[in-house]
Amino acid sequence: MSLGSLIFLMSLLRAFGLGDPGPLEDVVIDRYYIPKICLREVQMGDFIRYHYNGTFKDGKKFDSSYDRGATVAGVVGVGRLITGMDRGLQGMCVNEKRRLIVPPHLGYGSLGVAGLIPPDTTLYFDVIMLDIWNKDDKLQIDTLYKPEHCNRTVEDSDFVRYHYNGTLLDGTPFDSSYGKEGTYDTYVGTGWLIKGMDQGLLGMCAGEKRRITIPPFLAYGEKGYGTVIPPQASLVFDVLLVDLHNPKDGITLEHLEVPESCKRKTVTGDFIRYHYNGTLMDGTLFDSSYSRNHTYDTYIGKGYIIPGMDQGLQGVCVGEKRRIIIPPHLAYGENGAGDKIPGSAVLVFDIHVIDFHNPEDPVEIETLFRPEDCNVTSQDRDFIRYHYNCSLMDGTKLFSSHDYDSPQEVTLGANKVIEGLNRGLLNMCVGEKRVIIIPPHLGHGENGARGVPGSAVLRFEVELMSREDGVPEGYLFIWHEDPPENLYEEMDLNKDGEIPPEEFITFIKTQIAEGKGRLMPSSDPEKVITDMFQNQDRNQDGKITAEELKLKTDEDQERVHEEL
């Protein structure tokens, strides 16, 4: 039977009154509470902290650390305690409770302690172990959780924001950031923290959780701290690192998705439309354009947005998805913003670029197909028919002529379509297919239009279906060659010196039929010819006289002369 078993058996016999075994030869140890988890046991040379009540056999108390309001701290097994305590404390775990029965020869012997402990007295100690450490101990770090994605870890001189629960080794809490207004924010490795925390935070990722166990000589040592941390106390911090940065940091870019085709990238002065989710480094969402169902629209490189975004939006492609990580000195600094962005917070923006343009951008034209036998192209004032699909640059469909029974019809240069599309439809052959990219200042501008967002770049896929020669602005009819020298006489079909509507209409139709002239295309011929007659009938008496009949070119010349 081992010595420990013998001592334990003797304690049982005594407890159950099975006879007096006589004078004790060694300490009797009753381990009446043993923690389920015991990471470490007391060994000779360890420094320990414990509470105790000391009593005589009759239960009378002769001493108590509880009454003094302070734990006992000291080195075990080196003769600084009575022999019985030195032996009885060996092998204890933190939070273990023991009753030690110390015979006189292992206590205060035949002398006792004057006025306190009589000679040859057996002593009873109820002990709870609170702390164990050794001068050779090192910082202990247990990783409780580590994110899969970790681009950067804490280094000396970094600024960190973290939450923590602080306890003594026995689990007694002494402080927590969670009950305060925010995280604990400080520099690492610059002496602002106890040495153990300076060391324990190194190498952490944002979002990582650690348990950092710090021996007293790397914490508050012999003095402790106030009333909450006793002298020579080991400290345990459960830490959640919220974010980190260095005052020398720039932004960090992660290219999440880059389109295969990227003809142009943003530069300073461009106007950009993008969606974003903005989070803190721990994933807490503080803002999102998606929740507003509207892009964020701004100029870049001009100070309209925080410096980190001004930098992070440089060099993006239409359709690109990018993560921009911005240190606080390039975001909202030490003060933060509102109640959602704390001071000194690192910000993470996941952006999706919808489109961008520059106020000086022209219309961009890409020819997809052009017939080989193309000799005649569309010009200003021509009447054309074309099919089109119109979309935003992210592919969102807006309008399509294919949704209707016939192609779109327009007279070029007549202000019937947006300027960018009018330019993009010029110089096309019938059968030609194009992609036309239109910046908003040549489209629907900052305000947009029904179904078109403000400041949107538009993408048109067009196919020219037909073309008719037009007439100059202000003209209803033009001659293919010089008009007849005696126009009035030829128009006066019955030679009675005046031209009624019937003669005028018959004459014009004849010129058109013989290919000598043409009307403005896409118009109702009867209405156009009637308008022409009314323009020539100056006094509106229902007939045109020789004095009233004037060619448009003559009218224009007279107008110039009057202005001069």
Side-chain angles (χ1 to χ4, degrees), residues 35 37-51 65 70-76 89 92-96 128-146 153-180 182-244:
I37 298 176
C38 181
L39 300 177
R40 177 172 179 174
E41 297 179 350
V42 174
Q43 299 179 16
M44 291 182 63
D46 281 347
F47 202 105
I48 59 173
R49 285 193 315 108
Y50 59 94
H51 264 307
S65 63
T71 55
V72 178
V75 181
V76 68
L89 296 173
M92 283 192 78
C93 305
V94 172
N95 285 325
E96 181 177 342
I128 179 171
M129 186 59 59
L130 301 177
D131 201 342
I132 309 168
W133 62 276
N134 193 287
K135 64 180 180 179
D136 294 326
D137 283 350
K138 296 181 179 179
L139 190 75
Q140 181 179 335
I141 297 175
D142 297 304
T143 301
L144 307 179
Y145 169 76
K146 190 165 187 175
T153 60
V154 176
E155 299 176 359
D156 277 336
S157 79
D158 281 347
F159 189 89
V160 296
R161 298 196 309 117
Y162 62 92
H163 273 301
Y164 69 90
N165 284 319
T167 67
L168 304 179
L169 202 60
D170 66 342
T172 301
F174 62 81
D175 195 14
S176 174
S177 65
Y178 291 97
K180 301 174 183 178
T183 53
Y184 190 82
D185 308 340
T186 186
Y187 286 94
V188 175
T190 57
W192 290 22
L193 295 166
I194 57 175
K195 292 181 179 179
M197 281 299 280
D198 259 344
Q199 297 174 21
L201 292 170
L202 293 176
M204 285 193 78
C205 305
E208 183 175 343
K209 296 180 181 179
R210 279 186 180 180
R211 177 165 293 155
I212 304 172
T213 305
I214 305 174
F217 55 85
L218 294 176
Y220 294 99
E222 297 179 359
K223 295 182 179 180
Y225 187 82
T227 60
V228 293
I229 298 178
Q232 300 292 14
S234 300
L235 306 182
V236 180
F237 289 90
D238 284 337
V239 176
L240 167 62
L241 186 64
V242 175
D243 70 17
L244 68 146

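Predicted, not measured: the structure shown is a model, and the values here were computed from it.
Pairs of residues two or more places apart, or lying in two chains, never qualify as disulfide bond (SG atoms under 2.5 Å apart) while including a residue from residues 207-244. Within the structure, no pair that satisfies the salt bridge (charged side-chain N to carboxylate O under 4.0 Å, His left out) test touches residues 184-207, not counting sequence neighbours.
When atom types are taken as modelled, the side chain of Asp131 and the backbone of Arg49 share no donor-acceptor pair closer than 3.5 angstrom.
When side chains are defined from C-beta on, Tyr162 does not count as touching Thr183, because their heavy atoms never get closer than 4.5 Å. Proximity of Leu244 to Met204: side-chain heavy atoms (C-beta onward) are nowhere separated by under 4.5 Å. Here the side chains of Asp175 and Val228 are not in contact, with every heavy-atom distance at 4.5 Å or above. Two residues are said to be in side-chain contact when any heavy atoms from C-beta on lie closer than 4.5 Å; Gln199 and Ile141 fail this criterion.
Taken to the nearest 0.5 Å, the CG atom of Leu240 stands 9.5 Å off from the CD atom of Glu208. Rounding to the nearest 0.5 Å places CZ of Phe217 at 8.5 Å from OG of Ser234. The distance from the CD1 atom of Ile229 to the CD1 atom of Ile194 is 7.0 Å, given to the nearest 0.5 Å. To the nearest 0.5 Å, atom CG of residue Leu218 and atom CH2 of residue Trp133 are 9.5 Å apart. For the atom pair CD1 of Ile214 and CD of Gln140, the computed distance is 11.0 Å after rounding to the nearest 0.5 Å. We find the OG1-CG distance between Thr213 and Leu235 to be 9.5 Å, quoted to the nearest 0.5 Å.
Arg211 and Asp142 are not joined by a salt bridge, as no carboxylate oxygen comes within less than 4.0 angstrom of a charged side-chain nitrogen.
In this structure, the side chain to side chain donor-acceptor pair (under 3.5 Å) partners of Ser157, at least two apart in sequence or on a different chain, are Asn246. Looking at residues two or more places apart in sequence or on another chain, you find a ring pair (Phe, Tyr, Trp, His ring centres under 6.0 Å) between Tyr187 and Phe159, Trp192. Partners of Phe237 by ring pair (Phe, Tyr, Trp, His ring centres under 6.0 Å), not counting sequence neighbours, listed by chain and number: Tyr164, Phe174.
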query: Would Leu168 and Leu130 satisfy side-chain contact (heavy atoms from CB on, under 4.5 Å), going step by step from the backbone distance to the final call?
result: CA-CA 8 Å; Leu168 304 179; Leu130 301 177; over 6 Å; no

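When every heavy atom of Asp170 is checked against every heavy atom of Val94, the shortest pair comes out as CA-CG1, 3.7 Å. In terms of heavy-atom proximity, His163 sits nearest to Ser177 at ND1-OG, 2.7 Å. Nearest heavy-atom pair, Leu201 versus Ile212, reported as atom, atom and distance to 0.1 Å: N-CD1, 4.3 Å. Heavy atoms only, all atoms of each residue included: Pro231 and Glu222 are closest at CB-O, 2.8 Å. Across all non-hydrogen atoms, the minimal contact from Glu155 to Val188 is O-CB, 4.2 Å.
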N/O donor-acceptor pairs under 3.5 Å from side chains in residues 37-48, not counting sequence neighbours:
residue, atom, partner, partner atom, Å
Arg40, NH1, Asp137, OD1, 3.2
Arg40, NH1, Asp137, OD2, 2.7
Arg40, NH2, Asp46, OD1, 3.4
Arg40, NH2, Asp137, OD1, 3.4
Arg40, NH2, Asp137, OD2, 3.4
Asp46, OD1, Asn134, ND2, 3.0
Asp46, OD2, Gln43, N, 2.9

